[in-house]
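What follows is a short report on a single structure.
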Amino acid sequence: MVELILKKRNGLELSKDELTSIIDGFVSGEIPDYQISAFLMAVFFEGMNSTETAILTDIMMRSGELIDLSEIKGVKVDKHSTGGVGDKTTLVLAPLVAAAGVPVAKMSGRGLGHTGGTLDKMESIKGLSVDMTREEFIDNIKEHNIAVCGQNADLVPADKKLYALRDVTGTVDNISLIASSIMSKKLACGADAIVIDLKVGHGAFMKTVKDAEQLAKMMIGIGSKMNRKVVAVITSMSEPLGCAIGNALEVKEAIETLKGNGPEDLTALCLELGSHMLVLGEVAKTQSEAVEILKKLIASGAAFNKFKELVKAQGGDINVIDKTDLFPNTKYSEAYKSKSDGYVSDLNALDIGLASVKLGAGRETKTSEIDYGAGIVLKKKIGDYVNKNETLAILHSNDQLNFAKANKFMDLAYKISKEKPLQKPLILKTIS
Ligand code: URA
């Protein structure tokens, strides 16, 4: 292992056998964390070329069980977001695309740090379970065209162990490590085609479009080596997506979006990602045809009904979906007000994410309990005019002491200026 660490530290390419011995040795416990940490740091500084990254992905993918979806008819299309704040797209997209006839087999993750996770959001629905066996997962897709579940312990154990170590060794934001982490999981889940929502900005791992493009190309390359079509949509995560941040608050916003009353940015992103999924799923020939199909499914109520079907199939209480005031609430709410007149010129997604964690909506450690009702509803976003003392956002928490902690981040998040800022596009680039 010392020789392999030195080889990478000196900027040399590692062979398939060498990478296999590193990953297999780590998963089996033969190679200790401190040597893998040094190896990860060497990769962080010296990088990996596309061949090494594709080999690493393949080894990671094969470190656990592989899900075979071939008995489900149709092109199975998965979607992955690299993570953000207020990102509830899966809650809208999965039922929307399933309603259009594309089978959706979705394995999602939990929130960590300032970013939220689909599983936590779904669990804010009373009774709903995201734990299912592989057979139940496949049966649900066959019957309802949709299932959303958590990552099973046997799926890509190499990523589980590596990600936990990267998280505490400052080696998360490396393009080869991110590409292999995401793609190994997507490939192990058995999808035929994958749409990646690659976030860029304050609240994302990738801070520049240039880095995001490199990551996109790396993932597309890995996909094509494995005969999978991959489309990467680079989207802005400078400000939060939509207005709701926090688990139950985000599910309620997703429900409104499925009914056609969602915020403009969230709706636009779902139509963009969904249209790629329909084209890859061979339900539409062009993106514009796909957008028309998706809009009709929203207008007719079919997308919302598919969401209810998903909730019911996974044991959730559908009364809550019809009467959203039955969702978990908080004892206290407080308005966060503007300290001056002017335009909102910045709304830092990272700081909003951290404020929502302070309110109880996220985990400060992996074992923290989530307060499902807690979070933030933004009343003003970038480009909006605000008067002094007007409400910028409403904060929700079950502990009044949390408001002061969250307000420190709210003060950092909102910038008010006299000049109206230029509106930046949400969808920055598509690479396929
Ligand atoms: N999401 C993942 O699954 N892995 C990464 O490395 C980064 C984001």
Side-chain angles (χ1 to χ4, degrees), residues 23 26-27 36-37 39-41 43-44 47-48 50 52-54 56-61 63-64 67 78-85 87 89-90 105-121 130 148-153 155-191 194-208 211-223 228 230 232-235 237 241 273 349-350 353 362-363 366:
I23 299 303
F26 179 48
V27 174
I36 298 294
S37 303
F39 167 73
L40 290 170
M41 195 54 87
V43 171
F44 183 86
M48 275 186 167
S50 56
E52 286 175 297
T53 310
L56 175 65
T57 307
D58 190 56
I59 300 166
M60 285 169 67
M61 174 187 91
S63 66
I67 296 187
D78 202 349
K79 168 258 168 191
H80 184 85
S81 157
T82 56
V85 178
D87 184 3
T89 35
T90 292
K106 187 85 190 80
M107 294 233 180
S108 289
R110 296 202 178 270
L112 191 64
H114 69 282
T115 64
T118 301
L119 300 181
D120 298 322
K121 293 172 201 182
V130 291
V148 180
C149 75
Q151 191 184 333
N152 148 337
L155 201 89
V156 200
D159 179 61
K160 240 186 209 150
K161 283 194 84 174
L162 273 179
Y163 196 90
L165 203 53
R166 286 167 59 208
D167 206 23
V168 292
T169 54
T171 52
V172 169
D173 47 348
N174 169 272
I175 285 173
S176 290
L177 297 176
I178 296 177
S180 54
S181 163
I182 294 176
M183 291 302 288
S184 60
K185 286 177 285 203
K186 296 288 112 183
L187 296 168
C189 286
I194 302 149
V195 175
I196 312 251
D197 179 9
L198 223 166
K199 305 278 188 204
V200 183
H202 306 304
F205 289 124
M206 293 291 112
K207 305 293 180 210
T208 67
D211 285 349
E213 268 184 64
Q214 222 187 321
L215 175 58
K217 286 178 186 157
M218 193 75 101
M219 289 195 281
I220 291 165
I222 295 169
R228 310 296 219 287
V230 179
V233 185
I234 301 177
T235 68
M237 185 33 77
L241 189 63
L273 299 174
L350 172 61
R363 292 186 186 83
K366 275 188 184 172

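Because only heavy atoms are used, hydrogens play no part in the values below, and waters and symmetry mates are left out as well, while side chains stay in. When a ligand or atom number is given, it counts from 1 through the structure's own listing order.
Side-chain atoms of K199 and S81 include no donor-acceptor pair closer than 3.5 Å. Residues S63 and K161 bring no donor and acceptor atom of their side chains to less than 3.5 Å of each other. Inspection of the D159 and S184 side chains reveals no N or O donor paired with an N or O acceptor under 3.5 Å.
At under 3.5 Å, a nitrogen or oxygen of S181, whether backbone or side chain, sits near a nitrogen or oxygen of ligand 1. Ligand 1 has no N or O atom lying under 3.5 Å from any N or O atom of T82, backbone or side chain. When only interatomic distances are considered, the shortest N/O to N/O separation between R166 and ligand 1 falls below 3.5 Å.
Ranking the protein heavy atoms by distance from atom 8 (C) of ligand 1 puts F205 CE1, 3.6 Å first. Nearest protein heavy-atom contact of atom 3 (O) of ligand 1 is K185 NZ, 2.5 Å.
Screening I175, D173, N174 against L177 for a side chain to side chain contact (heavy atoms under 4.5 Å, CB included) leaves a single residue, N174. Evaluated for a side chain to side chain contact (heavy atoms under 4.5 Å, CB included) with M206, the options D211, T82, I234 yield exactly one hit, D211.
Each of the atoms 1 (N), 2 (C), 3 (O), 4 (N) of ligand 1 lies under 4.0 Å from some heavy atom of I182. Residue Y163 approaches ligand 1 through these ligand atoms, each under 4.0 Å from one of its heavy atoms: 4 (N), 5 (C), 6 (O), 7 (C).
Counting heavy atoms from C-beta on, the side chains of R110 and R363 come closer than 4.5 Å.
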